[in-house]
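Notes to accompany the following structure.
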2 protein chains.
Amino acid sequence: MSQHHDHGHCIASAMDTAKKLCEQQGARLTPVRRRVLELIWQNHKPIGAYELLPQLAADGFNSAPPTVYRALDFLLELGVVHRISSLNAFIGCDQPGLSHPTGFFICKECGNATELPAKHLTKLAQALEAELGVSIESGSHELSGLCSSCRTAA
Amino acid sequence: MSQHHDHGHCIASAMDTAKKLCEQQGARLTPVRRRVLELIWQNHKPIGAYELLPQLAADGFNSAPPTVYRALDFLLELGVVHRISSLNAFIGCDQPGLSHPTGFFICKECGNATELPAKHLTKLAQALEAELGVSIESGSHELSGLCSSCRTAA
DNA sequence: GTAGAATTGCAATATTATAACCTAAGGGTA
DNA sequence: TACCCTTAGGTTATAATATTGCAATTCTAC
């Protein structure tokens, strides 16, 4: 994503997708779940569970670890959020609802994360399955370096 | 790696490489660092830092978290160990000394981890750099599924 | 042998995540 | 409406993973 985009659109789109997925699956997008998803989408940087707690508290929500972890688990399950395990952090998913291999590029300068195009990840998985004789069921790819903006700035 | 290989060779080879790298770099493979590396190589499964502590204690080493984390940091820096962040665990590196992108396939059945061939990872990185306009400096790829042995067993 | 750097010992604490148990809220059905 | 059942949330405690800070020791180069 670029530095200067209509981020309101990102949030609205994410909330809309989550709502639709919930309707399809008979799941409930409760206030605390909705708010956690909004907070995760406040920018394109991964955010830690414990960073969400005070923000939830400020909104009058209960703010104990299980509350935020339960909301995160729900959103992960729904596929609208991913976990970046190298950072112990969470980020909104660009293309939720599609079952696809996931990965992110995280700029070490600005901290923004970009979801990796699924087609490359799928291709890698196929090549590895052929070469190693394994069957891949899930995976996470976490890359870091400089994004194009930070590269030109440097 | 196969189920029945000469694992003594894996260990010996890993220790030998670590020793050589240390000599090259003027670093010291102290007893606790050596022992941690041996313990990591006791099999091909990722192992947690806190699992190493009692084993170090049994050998008469100091056994407090900083001891093992310092040894792990040293070995990570040296490139002979990798961290599997999705498991909060550590594993020995097959091809240490070469600076290359790293990734592992971990069998969800037997727990064994196989290092992914660098060439595929390099190719992916190049494709992503071209497509996203980023420069990738490091990355980790953590895949899971069934290894070939467990697939045929099932 | 001494100074400076690297390593280790040790105690405390930070950070991330989960368990267990109970209460409340939604949703269907007689 | 009254009832039942399932899901969600509140609360407390604790588990699991990792780091900080400082003192003591060991190593190495001079």
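Quick note on labels: first sequence line is chain A, next is B, and so on, each numbered from 1.
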Protein-proximity profile, nucleotides 6-16 of chain D, B/S/- by nucleotide at the 4.0 Å heavy-atom cutoff, equals --SBBBB----

Would you give me the side-chain donor-acceptor pairs under 3.5 Å for residues 65-74 of chain B, sequence neighbours excluded?
from	atom 1	to	atom 2	distance (Å)
B/T67	OG1	B/N62	ND2	2.5

Tell me, do B/H141 and A/L143 make a side-chain contact under 4.5 Å, heavy atoms counted? yes

Check whether any side-chain heavy atom of B/L132 lies under 4.5 Å from a side-chain heavy atom of A/S148, and answer yes or no. no

What bend angle does the helix from C/dG1-D/dC30 to C/dA30-D/dT1 show across its length, from five-pair end axes and to the nearest 10 degrees? 30°

Go through it in stages, so that I can follow the logic: the residues are A/L146 and B/I136, the test is side-chain contact (heavy atoms from CB on, under 4.5 Å), and I'd like the CA-CA distance, side-chain angles, deciding distance and then a yes or no. CA-CA 7 Å; A/L146 289 180; B/I136 296 172; over 6 Å; no

Return yes when atom CD of A/Q42 has more than 12 non-hydrogen atoms of other residues, nucleotides or ligands closer than 6.0 Å, and no otherwise. yes

Without decimals, in angstroms, what is the distance between A/E51 CD and C/dA17 P? 11 Å

Can we say A/E38 and A/R35 salt-bridge, meaning some charged N sits less than 4.0 Å from an Asp/Glu carboxylate O? yes

Would you call B/K119 and A/E131 a salt bridge, taking side-chain N to carboxylate O under 4.0 Å as the test? yes

Interatomic distance where CZ belongs to B/R35 and P belongs to C/dT8 [whole Å]: 16 Å

Between B/F104 and B/T114, is a side-chain contact (heavy atoms from CB on, under 4.5 Å) present by the stated rule, with each step listed? CA-CA 5 Å; B/F104 287 86; B/T114 310; 6.0 Å; no

Could you tell me how far apart B/I84 (CD1) and D/dA18 (P) are, to the nearest whole angstrom? 12 Å

Measure from CG on B/D73 to P on D/dT17 and round the result to the nearest Å. 16 Å

Here the distance between atom P of D/dC27 and atom CG of B/L29, to the nearest Å, is 14 Å

Taken to the nearest whole Å, CG/A/L87 to C1'/D/dT17 is 16 Å

Hey, mind stepping through A/S140 and B/E142 against side-chain hydrogen bond (donor to acceptor under 3.5 Å, both in side chains) and telling me if it holds? CA-CA 5 Å; A/S140 87; B/E142 301 174 10; 4.8 Å; no

Atom pair distance, as rounded to whole Å: CG in B/L76 and P in D/dA18: 11 Å

Please determine if a side-chain N or O atom of A/Y69 lies less than 4.0 Å away from the OP1 or OP2 oxygen of C/dA17. yes

